[in-house]
Amino acid sequence: MATEREPPPLGDAEQTDFRELEDGEDLFISTASTLESSPTSPEPASLPAEDICANSNGPQPAEISLDDDLEDLFAEATEEVSLDSPEREPILSDEPSPAITPVTPTALVTPRVEPKTIFVPAMFERSKEELEEEANGDSFDMEIVVSDPEKVGDGMNAYMAYKVTTKTSLTIFNENEFSVKRRFSDFLGLHSKLATKYMHIGYIVPPAPEKSIVGMTKVKVGKEDSSSTEFVEKRRAALERYLERTVKHPTLLHNPDVMQFLESSELPRAVSTQALSGAGILRMVNKAAEAVNKMTIKMNESDAWFEEKQQQFENLDQQLRKLHTSVESLVCHRKELSVNTAAFAKSAAMLGNSEDHTALSRALSQLAEVEEKIDQLHQEQAYADFYLFAELLSDYVRLLTAVKGVFDQRMKTWQKWQDAQAMLQKKREAESKLQFANKPDKLQQAKDEIREWEGKVQQGERDFEQISKTIRKEVGRFEKERVRDFKAVIIKYLESLVQTQQQLIKYWEAFLPEAKAIA
Amino acid sequence: MASTPEENDRNSKLRSVSVDLNNDASLMIDIPDALCERDKVKFTVHTKTTLDAFQKPEFSVPRQHEDFIWLHDTLDETEEYAGLIIPPSPPKPDFESPREKMHKLGEGEATMTKEEYTKMKQELEAEYLAVFKKTVQVHEVFLQRLSSHPVLSKDRNFQIFLEYEQDLSVRRKNAKEMFGGFFKNMVKTADEVIISGIKEVDDFFDQEKTFLLDYYNKIRDATTKAEKMTRAHKNVADDYIHFSATLDSLSADESTALKMYLLKLAELFEKLRKVEGRVASDEDLKLTELLRYYMRDIQAAKDLLYRRARALADYESSNKALDKARLKSKEVQQAEEHQQLCCQKFEKLSESGKRELISFKGRRVVAFRKNLIEMAELEIKHAKSSVSLLQSCIDMLKTN
């Protein structure tokens, strides 16, 4: 089951606290020339998902039905999730090894329409040989843009179609640049597939954007006002960030569903997403997690790391929510300031018209113009507050839910292993009883069962170790990305504030001579 | 309220929403001190004078807001001053806004960290102090307008107000006077209706009437909008407090490289909110208060116009009465005398009124100029300091 994993040659790896991972880790290197490898074989195929179904006669019916529910949740987007579907082959890329490009979010977000571009390093598998071959340090990138929202259809059946453009030099794709049209439910469908496949084995799958009945209805009904334009823009930006996060994940990038989503012009329509959204799935995950907790899984945590991390993420979640609330309040007040400034500008203009002293009248009109420009400034700043900061925070709040879900999956995996051990014990006891009963075929059956359960115990242990490893790696990657995301956004946000203030200086400096000219 | 030299400077900047008053050494008035008890503010009115009319060269008396109102109303009702613009009475001290906010803060205490609560409380105390300072200033300016007016400064009631050491017990108008005042207002309103129908003989006054009526409405609207704008600005500044406090807590829990980023960001926003707060309060003083003051001043000018219009109406009706008397040859002399009186009164009002209105316009233009310049300069100053704070933070974060 385990693939060949060789310790990767470590370049100027950033210090992380995950040194103990033998099979290497995803490392973001700041120099393009350093060769990197990070085998990231997830091997979904052989993981407990299969066991879940097979284990339907397991000792704890409550748990199993819970699993089934979860599976069903994740299955709802496509017709059925066939657990033996071919998509679940291990994703080992045979591609020639590219070098890693540093992630540098370059575009300054102009809140209204320009899409954010992020250059994503490609993560991949390589063997040692390939590493040595690869010398030229081709810079690799992948850029995804979601744009051109277009209303398709009429009335309540109408929907928004978005253009998804991918620009990449990765050879796993057929072309370097390609576009497809996707609708919101397609994104939900993609997320649902990924979540089903990867969450239960410890991968942090980025959550899809929120569904909004009110927002969408306005669009369908054809209300062409600023709030529905804002809604569409908010959604477009959220979809873009979702895809960017998804492809940044080395495993998910190579997932056929993802590639198909980006590349193929026709996509089977994801059904049953009407009722459930990304948030819906996460809510279910949460509920399941609570149920898990209620079952009081008293896990003998041999590794304090997991407990610490869980606590840390819990705190982080609370703090981010609080910060999000305060940013939302800021956005709201800044919008109010913009509106009030505009109202004052109009009033000042009227006052200027009414003023009979010529120079003062002119100055007042100038004041009105300045204030009008300033109100625009406030509005733009409010958009920056929102699209840069508030959305980042809400993205991370939802990501943390996915993270928590993954920790809970580990607990469940542990529980399964324990259950298998308990069952094995029972079978052994049953067998030893049968030893003295002189029922040879029953004895044989008992021996067979013992072997079966020994296998299951081993599998359970392996699965547990695997998910623990995966989670450590995932958490490492998540933390790195979080640091990078936040740093980038903070700088961008501060730069937006600087821009606003500099404009203010310009406007008032232009006004000053007008005020001085009042004679 | 002991003032530091810096505060004095700031105070003197705050002082004249009107033009620089109080530079005539013969009569200098200021309010160096004030006490706030619940709803009542007690002002200490301090006078320095070289005039003989006063018993001492320097003295202080305690006065309440109602005393100022009494003084204003007395002057307003004095027939002799009908041709003058009576400086508008200072508005009642209004601590409603900070008090309400303080109350809300108390209710929300549990949801904030200790530091956040302390900061918010400090901010509210500062707001309270700002309202306090504003009301002192506005009462002071009222007295200074009087002391710098050639006619009004000599008013006997004004002198009593400044000098009388006991409580001015007339501050509560007795029932008769109150009723009288009310009745007078009623009559005035009826007059307005009649007067707007009177044909104006003088171009100057005709223009002034049109101008002032329209301008009053516009400036009243501008005052309201300016107030909303500065209040919204204050809200943004307050939001920075919560933002900074939450960043601080986030940073405390953070163990990655982000810790320093968040800490620096928290510090930055704490500094920025002070700047934003000052922007809001400067806008308030230079713009909102300016507009508010001149709105009330224009109302006083309108009052002058109405008094003159009434005098004109009286004059015209006395003319008619004279004609009638001459026709009937009855009580002609009486009618003649009455007509003479009305004519004199009207002409005196017109002459004095014209003077007042012209100087008023000059005053207004100078005050607007001064305050608009100061506001623009302050906006630039604050924006520049914001830029430097932001830029140094960005540079620091980028190099790390």
Side-chain angles (χ1 to χ4, degrees), chain A residues 312 315-316 319-320 322-323 325-327 329-330 332-334 336-341 343-348 350-351 353-357 359-360 363-364 367 370-371 378 479-480 482-483 486-487 490-491 494-495 497-498 500-505 507-509 511-512 514-516 518-519, chain B residues 207 211 214-215 217-219 221-226 228-233 235-236 238-240 242-243 245-247 249-250 253-258 261-262 265 268 272 287 291 361 364-366 368-369 371-377 379-380 382-384 386-387 390-391 393-394 397-398:
Chain A
Q312 180 195 323
N315 290 344
L316 185 62
Q319 298 286 12
L320 287 183
K322 200 157 168 238
L323 192 60
T325 309
S326 99
V327 174
S329 166
L330 178 63
C332 176
H333 283 141
R334 228 194 271 277
E336 201 184 314
L337 176 59
S338 162
V339 166
N340 291 354
T341 308
F344 173 71
K346 285 205 183 83
S347 187
M350 305 254 295
L351 187 64
N353 282 341
S354 177
E355 174 63 59
D356 65 350
H357 185 275
L360 181 54
L364 285 172
L367 179 67
V370 167
E371 294 286 1
H378 285 313
E479 286 287 74
K480 276 218 183 73
R482 176 171 74 94
V483 170
F486 271 74
K487 276 188 182 176
I490 286 173
I491 301 268
L494 292 181
E495 284 173 347
L497 287 171
V498 170
T500 300
Q501 295 296 323
Q502 282 172 335
Q503 275 300 104
L504 275 173
I505 294 176
Y507 293 150
W508 285 113
E509 278 180 344
F511 173 74
L512 196 52
E514 289 292 336
K516 289 190 171 157
I518 303 170
Chain B
Q207 276 172 7
F211 166 66
D214 182 44
Y215 200 75
N217 291 330
K218 302 280 161 59
I219 201 174
D221 186 55
T223 308
T224 315
K225 303 274 160 65
K228 270 181 152 175
M229 181 174 75
T230 50
R231 232 200 329 247
H233 217 135
N235 285 340
V236 169
D238 285 345
D239 278 337
Y240 279 7
H242 298 297
F243 192 52
T246 317
L247 285 170
S249 330
L250 245 180
D253 284 343
E254 187 67 41
S255 53
T256 66
L258 218 42
Y261 262 69
L262 295 169
L265 202 62
L268 172 67
L272 277 181
L287 191 61
L291 293 169
K361 189 195 300 286
R364 188 180 86 242
V365 171
V366 169
F368 268 71
R369 178 179 190 276
N371 282 279
L372 287 177
I373 292 175
E374 280 173 8
M375 180 173 81
E377 285 173 346
E379 293 270 4
I380 294 170
H382 293 318
K384 281 188 173 156
S386 289
V387 167
L390 285 163
Q391 199 58 56
C393 186
I394 292 176
L397 292 179
K398 275 186 171 168

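All chains are named by letter (A, B, ...) in the order of the sequence lines, taking the proteins before the strands, and each is independently numbered beginning at 1. Model, not experiment: these values are computed from the prediction.
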For [X] versus [Y], what's the shortest heavy-atom pair and its separation?
X        : Y        : value
B/Phe211 : A/Glu355 : CE1-CA, 3.9 Å
B/Met229 : A/Leu337 : O-CD1, 3.5 Å
B/Leu258 : A/Val483 : CD1-O, 3.8 Å
A/Gln501 : B/Ala383 : OE1-CA, 3.4 Å
A/Phe511 : B/Ala376 : CD2-CB, 3.9 Å
B/Ala257 : A/Lys487 : CB-NZ, 3.8 Å

From [X] atom [atom1] to [Y] atom [atom2], the distance as rounded to the nearest 0.5 Å:
X        : Y        : atom1 : atom2 : answer
A/Trp508 : B/Glu379 : CH2   : CD    : 4.5 Å
A/Tyr507 : B/Ile380 : OH    : CD1   : 14.0 Å
B/Asn217 : A/Leu351 : CG    : CG    : 11.0 Å
B/Ser255 : A/Glu479 : OG    : CD    : 6.5 Å
B/Phe368 : A/Ile518 : CZ    : CD1   : 9.0 Å
A/Ser326 : B/Leu247 : OG    : CG    : 7.0 Å

SB check A/Asp356 B/Arg364 (cutoff 4.0 Å):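 Looking at A/Asp356 and B/Arg364, the cut-off is met.
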
Ion pair A/Arg482/B/Glu254, N-O distance below 4.0 Å: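 B/Glu254 and A/Arg482: salt-bridged.
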
Choice from B/Ile219, B/Val365, B/Leu372, B/Thr256 maximising heavy atom contacts with chain A below 4.5 Å: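 Most heavy-atom pairs under 4.5 Å with chain A: B/Val365.
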
Pairs of heavy atoms under 4.5 Å with chain A: top-ranked of B/His242, B/Arg231, B/His233: B/His233

For [X], is it the side chain, the backbone, both or neither that has a heavy atom under 4.5 Å from a heavy atom of chain A?
X        : result
B/Leu287 : side chain
B/Leu250 : both
B/Asp253 : side chain

Any residue meeting side chain to side chain contact (heavy atoms under 4.5 Å, CB included) with B/Gln207, in chain and number order, not counting sequence neighbours: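 Scan of B/Gln207 (side chain to side chain contact (heavy atoms under 4.5 Å, CB included), adjacent residues dropped) gives none.
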
Indicate yes or no for a side-chain donor-acceptor contact from [X] to the backbone of [Y] under 3.5 Å, with no hydrogens or angles considered.
X        : Y        : value
A/Asn340 : B/Lys228 : yes
B/Thr246 : A/Leu323 : no
B/Arg369 : A/Lys516 : yes

Stepwise side-chain contact (heavy atoms from CB on, under 4.5 Å) test for B/Leu265 and A/Phe486: CA-CA 11 Å; B/Leu265 202 62; A/Phe486 271 74; over 6 Å; no

Closest-packed option against chain B by number of heavy-atom pairs under 4.5 Å, given A/Glu509, A/His378, A/Glu336: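 Of the options given, most contacts go to A/Glu509.
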
Partners meeting side chain to side chain donor-acceptor pair (under 3.5 Å) with A/His333 (sequence neighbours left out): B/Asp239

Option passing side-chain contact (heavy atoms from CB on, under 4.5 Å) with B/Ile394 (candidates A/Leu497, A/Ile490, A/Leu494): A/Leu494

Any B/Met375 side-chain heavy atom under 4.5 Å of A/Leu367 side chain: yes

Derivation and outcome, side-chain contact (heavy atoms from CB on, under 4.5 Å), residues A/Met350 and B/Asp221: CA-CA 9 Å; A/Met350 305 254 295; B/Asp221 186 55; 5.9 Å; no

